[in-house]
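One-based numbering, in listed order, for ligands and for the atoms of each. Atoms considered below: every heavy atom in the structure, side chains included; atoms not considered: hydrogens, waters and symmetry mates.
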Amino acid sequence: MVFFRSVTAFTRLRSRVGQQSSLSNSVRWIQMQSSTDMDLKSQLQELIPEQQDRLKKLKSEHGKVQLGNITVDMVIGGMRGMTGLLWETSLLDPEEGIRFRGLSIPECQKVLPAAQSGGEPLPEGLLWLLLTGKVPSKEQVEALSKDLASRAAVPDYVYNAIDALPSTAHPMTQFANGVMALQVQSEFQKAYENGIHKSKFWEPTYEDCLNLIARVPVVAAYVYRRMYKNGDSIPSDKSLDYGANFSHMLGFDDDKMKELMRLYITIHSDHEGGNVSAHTGHLVGSALSDPYLSFAAALNGLAGPLHGLANQEVLLWIKSVVEECGENISKDQLKEYVWKTLNSGKVVPGYGHGVLRKTDPRYVCQREFALKHLPDDPLFQLVSKLYEVVPPVLTELGKVKNPWPNVDAHSGVLLNHYGLTEARYYTVLFGVSRSLGICSQLIWDRALGLALERPKSVTMDWLDAVCKKASSA
Ligand code: NMX
Ligand code: MLT
């Protein structure tokens with residue numbers, strides 16, 4: 001296997017895929033693929049020893065290098081800015097946004113295989129990239145697509161577990177319950193009980209993760225049809241790719257909705273390791289809980305309104321604006337509505353971020369999708385108006401570190417346009433997508449033998465004592 005770790009190599013890739021625009025200098029792991037390397041697992045088998053050695057070397061040669069100081073603010077402020085996690089699949093720059101294995105979203109849109117020329121990336125390609133650091137060929141993506149389709153059977157007891165809940169239960173509760181029921185089939189748990197050697201942990205983890213990624217759209221679609229379509233489930237169509245099949249099982253066969261779903265799953269998949277869902281998945285997995293247990297825990301974090309549930313909150317909030325003021329609301333009226341929201345002690349959903357300090361590139365690419373496919377949609381126009389009105393108001397508030405929109409500010413109006421109008425369901429879509437990122441990292445967690453997560457906590461007494469000592473020194 002030959003790896004190219006230079007800009008030159010990436011330039012070569014660029015010309016191979018016929019791209020014109022400037023691509024990232026930070027890309028490291030790009031490999032010129034031969035179309036015979038179809039098996040994702042054997043690719044990982046080759047990569048893992050190399051990465052294990054790399055980590056071992058980092059530890060032995062640089063283990064004591066300091067990465068920053070921990071302040072009291074960080075300890076009481078949700079660990080903001082504290083570097084404390086290894087997360088290989090993506091990295092977030094506050095100004096620029098997310099890069100998946102070194103590739104920005106526009107770069108992924110250019111180089112990852114699409115269902116049709118110039119279309120949105122196939123999520124299977126993104127999964128391949130997250131796992132291997134390499135841009136897959138169309139053939140590799142097709143092979144992975146088929147592999148996932150062959151793993152997608154969901155046992156009846158999973159549906160029964162969901163059916164045990166009232167159909168009014170929040171969709172995230174039903175979804176997480178379904179994922180917990182999938183755990184019964186965990187290969188990792190079985191292997192662990194049978195005494196598997198730790199050097200092999202990654203293999204049943206890989207099987208669980210691929211099975212989980214394959215099955216979550218089926219479970220998610222079941223929840224949707226149960227709640228909103230009288231339980232009239234639609235069987236999967238194995239001839240379709242992952243995103244298109246999910247859209248199909250939900251009941252949306254419009255080609256543009258399928259494109260939207262591919263984009264949606266791609267961009268929501270991963271956002272480095274510190275966000276609540278990814279961090280939770282990693283933390284729970286660090287106890288050697290299997291991928292189903294880890295991912296179900298992650299979903300419960302995603303279900304919070306400051307995290308993934310914000311996409312539901314955004315559409316409900318936008319609809320409340322329309323209900324109160326109509327679709328053609330003026331910017332002044334909108335400003336007043338934003339202030340009313342803030343003055344009632346609520347946040348403006350879809351704005352702000354724990355790390356980002358600019359408009360989220362995931363917002364930008366959804367805006368571009370809307371400009372291309374639904375420029376006249378009244379709710380899209382309202383979202384555009386909000387982009388002008390909200391940031392100055394949040395800036396005026398004086399305490400918000402990032403007044404710009406995040407991913408959730410845009411996704412709802414796109415789904416709503418194509419008929420997926422049930423806002424309470426939106427976080428489930430986010431969850432399906434996030435399985436790609438969290439599971440990819442879980443495989444690497446086990447392959448690299450990453451440690452049990454156990455940070456130190458302190459009390460206010462402890463902080464008082466340390467601060468007193470510091471100020472008298
Ligand atoms: N509307 C009103 N107030 C806000 C907002 C907002 N959109 N964003 C931040 N603030 C407030 C925040 O509540 C805090 O107030 P206080 O000191 O009274 O507690 C203050 O500004 C400082 O917060 P920041 O340091 O700017 O933000 P932080 O890192 O603590 O929180 C979020 C980040 C994302 C939780 C926050 O911006 C927020 O609540 N946004 C709205 C909810 C949202 O869109 N969440 C989705 C995030 C993306 N995702 O999918 O997970
Ligand atoms: C995410 O996608 O996880 C959110 O943007 C939140 C975060 O990164 O903290």
Which atom of [X] lies closest to which atom of [Y], heavy atoms considered:
X    : Y    : value
Y418 : K256 : OH-CB, 3.5 Å
S433 : I265 : OG-O, 2.6 Å
G437 : L130 : CA-CD1, 4.0 Å
T427 : G308 : OG1-O, 3.3 Å

For [atom], grab the closest protein heavy atom and report residue, atom and distance to one decimal in Å.
atom                   : value
atom 9 (O) of ligand 2 : N275 CB, 3.3 Å
atom 3 (O) of ligand 2 : R434 NH1, 2.6 Å
atom 8 (O) of ligand 2 : H271 ND1, 2.7 Å

Using a 4.0 angstrom limit on heavy atoms, which residues are close to ligand 1?
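Lining ligand 1 at under 4.0 Å, by heavy atoms, one finds R80, L306, H307, A310, L342, V347, V348, P349, G350, Y351, G352, H353, G354, L394, K399, V400, K401, N406, D408, F430.
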
Less than 3.5 Å apart, any donor N or O on the side chain of [X] or [Y] sitting next to an acceptor on the other?
X    : Y    : value
S411 : N311 : no
E422 : Y224 : yes
E88  : Q441 : no

Kindly determine whether K110 and E107 satisfy salt bridge (Lys or Arg N to Asp or Glu O under 4.0 Å), including the steps that lead there.
CA-CA 5 Å; K110 279 174 194 144; E107 288 166 358; over 6 Å; no

Between F175 and H170, does the ring centroid distance fall short of 6.0 Å?
no

When you compare ligand 2 with H353, is there at least one nitrogen or oxygen pair between them that comes in under 3.5 angstrom?
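Min N/O separation from ligand 2 is below 3.5 Å for H353.
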
Using non-hydrogen atoms of the residue, decide whether E272 is closer than 4.0 angstrom to ligand 2.
no

So does D254 have more than 12 non-hydrogen atoms from other groups sitting under 6.0 Å from CG?
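Yes, because the 6.0 Å sphere around CG of D254 holds more than 12 heavy atoms from other groups.
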
If we set the cut-off at 4.0 Å for heavy atoms, which region of [X] has an atom near ligand 2: side chain, backbone, both, or neither?
X    : answer
H307 : side chain
R80  : neither
R362 : side chain

